[in-house]
Every structure is written in C-alpha cells, then in structure tokens.
Q: 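Dumping the structure here so I can ask a few things about it.
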Amino acid sequence: MDVREVQPEDAAAVAGLLDELGYPSTPAEVRQRLENWLNEPYSRVLLAADDGRVVGSMSVHAIPHLERDGRWLRIESLVVTAGARGTGAGRRLIGAAEQLARSWDCHAIEVTSSRRRDDAHAFYRRLGFADICDRAGRFWKDL
C-alpha cells in the first residue's frame, strides 16, 4: 500500500471515491476542484494505492491560528473504498496527514464525520482521535 499526492489524471478515481462517500461528482468537476487544491501551499490531496489501484483519498488543509502560534490540520475528506477497508489504507492516509501536520507546524488534527458514520467514528477513536463535540458547537450557514 502506497500513499502519494494526487495528480490531475486521478480525477476519475477520486470522483468514484467521492461518490462512495455520498458526494457524487463527475471526473470533470473533480479535475476543476483539484486545480484549486493543487495551488494551495498548505493543502494536499493524498491517495492510497494498492498495486497502482487507487483505493482511498484524503484532502487536508492547514489553517493558521490568529490567537496563538502554529496551525491546525483539518481533514476535509477521507474515504477508503468498501473493498479496501481494513487493509491499512485509512491508517496510512492518517499517518501521512500526521507527517504533513508536523512539517507544517500544526499542533492538532481535526476531522468531522456525520453522526451516522459509526464505523468511521470507531476508526478515528482507534487512531487516538477524541470526540470533543461536548466542548464546542459547529455552526453552518449556507450562502
């Protein structure tokens, strides 16, 4: 299992993974979105590949603090195809996120996950993440 940075030609594979996550997207839409991600210095889209076949993707962004030094890393999306779950692909992607976070002077990693994704929550807990929703609210406003 290898982890590598996404390339524009990976758009179809990423679109398939996003669809599996519940966010249907065309390869053309993903290719356009990747252009935005690839131009951000503190953003990465990483892929997990097994014998060259893409089985997982993760997008991350490091956000600087104003009230303190450093940054925190946000996992914006993480998906491993159903057939590759339990093979270490997700664990390797999280490991790559931790390496990036350290290299970008991040003090923490955040990931949000729908309350209906019990398996994902168990996965994050096994990797040392804590559910801190009782400490802060998350508010959203569509524009």
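Everything quoted here is computed from the prediction, not taken from an experiment. We're numbering straight along the sequence, starting at 1. Hydrogens, waters and symmetry mates play no part in the numbers below; they use all other heavy atoms, side chains included.
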Q: Sequence neighbours excluded, which residues qualify as side chain to side chain donor-acceptor pair (under 3.5 Å) partners of Tyr42?
A: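 Side chain to side chain donor-acceptor pair (under 3.5 Å) list for Tyr42, sorted by chain: Arg71.
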
Q: For the residue pair Glu67 and His65, what are the closest heavy atoms and their distance?
A: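 Between these two residues, the closest heavy atoms are OE2-ND1, 3.1 Å.
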
Q: Going by the rule side-chain contact (heavy atoms from CB on, under 4.5 Å), which residues pair with Ala82 if we only count those two or more places apart in sequence or in a different chain?
A: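 If we apply the side-chain contact (heavy atoms from CB on, under 4.5 Å) test to Ala82, skipping adjacent residues, the hits are Glu20, Arg85.
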
Q: Using the rule that Ile, Leu, Val, Met, Phe, Trp and Tyr join whenever any side-chain heavy atoms are under 4.5 Å apart, tell me whether Ile75 and Trp37 fall into a single cluster.
A: no

Q: Below 4.0 angstrom, N of the basic side chain to O of the carboxylate: do Asp50 and Arg92 qualify?
A: no

Q: Does Asp131 have any salt bridge (Lys or Arg N to Asp or Glu O under 4.0 Å) partners at least two apart in sequence or in another chain, and if so, which?
A: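 Residues passing salt bridge (Lys or Arg N to Asp or Glu O under 4.0 Å) with Asp131: Arg115, Arg125.
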
Q: Between Leu47 and Ser57, what is the shortest heavy-atom contact and its length?
A: CD2-CB, 3.5 Å

Q: List the residues meeting side chain to side chain donor-acceptor pair (under 3.5 Å) with Thr87, not counting sequence neighbours, and say none if there are none.
A: none

Q: Let me see the working for Ile94 and Phe129 under side chain to side chain contact (heavy atoms under 4.5 Å, CB included), right down to the final yes or no.
A: CA-CA 11 Å; Ile94 293 291; Phe129 288 81; 4.1 Å; yes

Q: Going by side-chain heavy atoms closer than 4.5 Å, which hydrophobic residues are tied to Val55, directly or by a chain of links?
A: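 Cluster partners of Val55: Met1.
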
Q: Check whether any side-chain heavy atom of Leu127 sits under 4.5 Å from a side-chain heavy atom of Arg91, and report yes or no.
A: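 Contact flag for Leu127/Arg91 side chains = yes.
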
Q: Determine the minimum heavy-atom distance between Ala13 and Val54, stating which atoms define it.
A: CB-CB, 3.9 Å

Q: Please check this pair: side chain of Asp10 against backbone of Gln7, looking for a donor-acceptor N/O pair closer than 3.5 Å.
A: yes

Q: Let me see the working for Val60 and Glu76 under side chain to side chain contact (heavy atoms under 4.5 Å, CB included), right down to the final yes or no.
A: CA-CA 5 Å; Val60 298; Glu76 192 268 340; over 6 Å; no

Q: Hey, can you pull the donor-acceptor pairs under 3.5 Å for the side chains in residues 96-106, sequence neighbours left out?
A:
{"unit_1": "Ser103", "atom_1": "OG", "unit_2": "Leu100", "atom_2": "O", "d": "2.8"}

Q: Taking all non-hydrogen atoms of both residues, which atom of Ser25 and which atom of Leu18 are closest, and how far apart?
A: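 That would be OG-CD1, 4.1 Å.
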
Q: Under the rule for salt bridge (Lys or Arg N to Asp or Glu O under 4.0 Å), what residues qualify as partners of Glu35, not counting sequence neighbours?
A: none

Q: How about Asp51: does its CG atom have over 12 heavy atoms from other parts shown lying under 6.0 Å from it?
A: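 Counting other residues, nucleotides and ligands, CG of Asp51 stays at 12 neighbours or fewer.
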
Q: Give a yes or no on whether Met58 and Val6 share a hydrophobic cluster (residues Ile, Leu, Val, Met, Phe, Trp, Tyr; joining criterion: side-chain heavy atoms under 4.5 Å apart).
A: no

Q: Would a hydrophobic clustering, with Ile, Leu, Val, Met, Phe, Trp and Tyr connected at side-chain separations under 4.5 Å, put Val80 with Val14?
A: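 Cluster IDs for Val80 and Val14 differ.
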
Q: Return yes if some donor-acceptor pair links the side-chain N/O of Ser43 with the main-chain N/O of His61 below 3.5 Å, else return no.
A: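 Here the side-chain-to-backbone pair does not exist.
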
Q: Taking the side chain as everything from C-beta on, heavy atoms only, tell me whether Arg4 gets closer than 4.5 Å to Leu46.
A: no

Q: Phe123: what forms a ring-ring contact (aromatic ring centres under 6.0 Å, His included) with it, not counting sequence neighbours?
A: none

Q: Only counting residues at least two apart or in another chain, list the ones meeting salt bridge (Lys or Arg N to Asp or Glu O under 4.0 Å) with Glu40.
A: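 Applying salt bridge (Lys or Arg N to Asp or Glu O under 4.0 Å) to Glu40 gives none.
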
Q: Restricting to side-chain contact (heavy atoms from CB on, under 4.5 Å), what partner residues turn up for Pro8, sequence neighbours left out?
A: Arg31, Leu38

Q: Could you work out the complete set of other residues in the hydrophobic cluster of Ile63, with links drawn between I, L, V, M, F, W and Y side chains under 4.5 Å apart?
A: Trp72

Q: Any heavy-atom pair between the side chains of Val111 and Leu78 that's under 4.5 Å?
A: no

Q: Looking at every heavy atom in both Ser77 and Ser59, which two are closest together, and how far apart are they?
A: OG-OG, 2.6 Å

Q: Do Glu29 and Leu34 come close enough that some side-chain heavy atom pair is under 4.5 Å?
A: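 Counting from C-beta outward, Glu29 and Leu34 never come under 4.5 Å.
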
Q: Which residues pass the salt bridge (Lys or Arg N to Asp or Glu O under 4.0 Å) test with Glu5, not counting sequence neighbours?
A: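 Here the qualifying residues are Arg44.
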
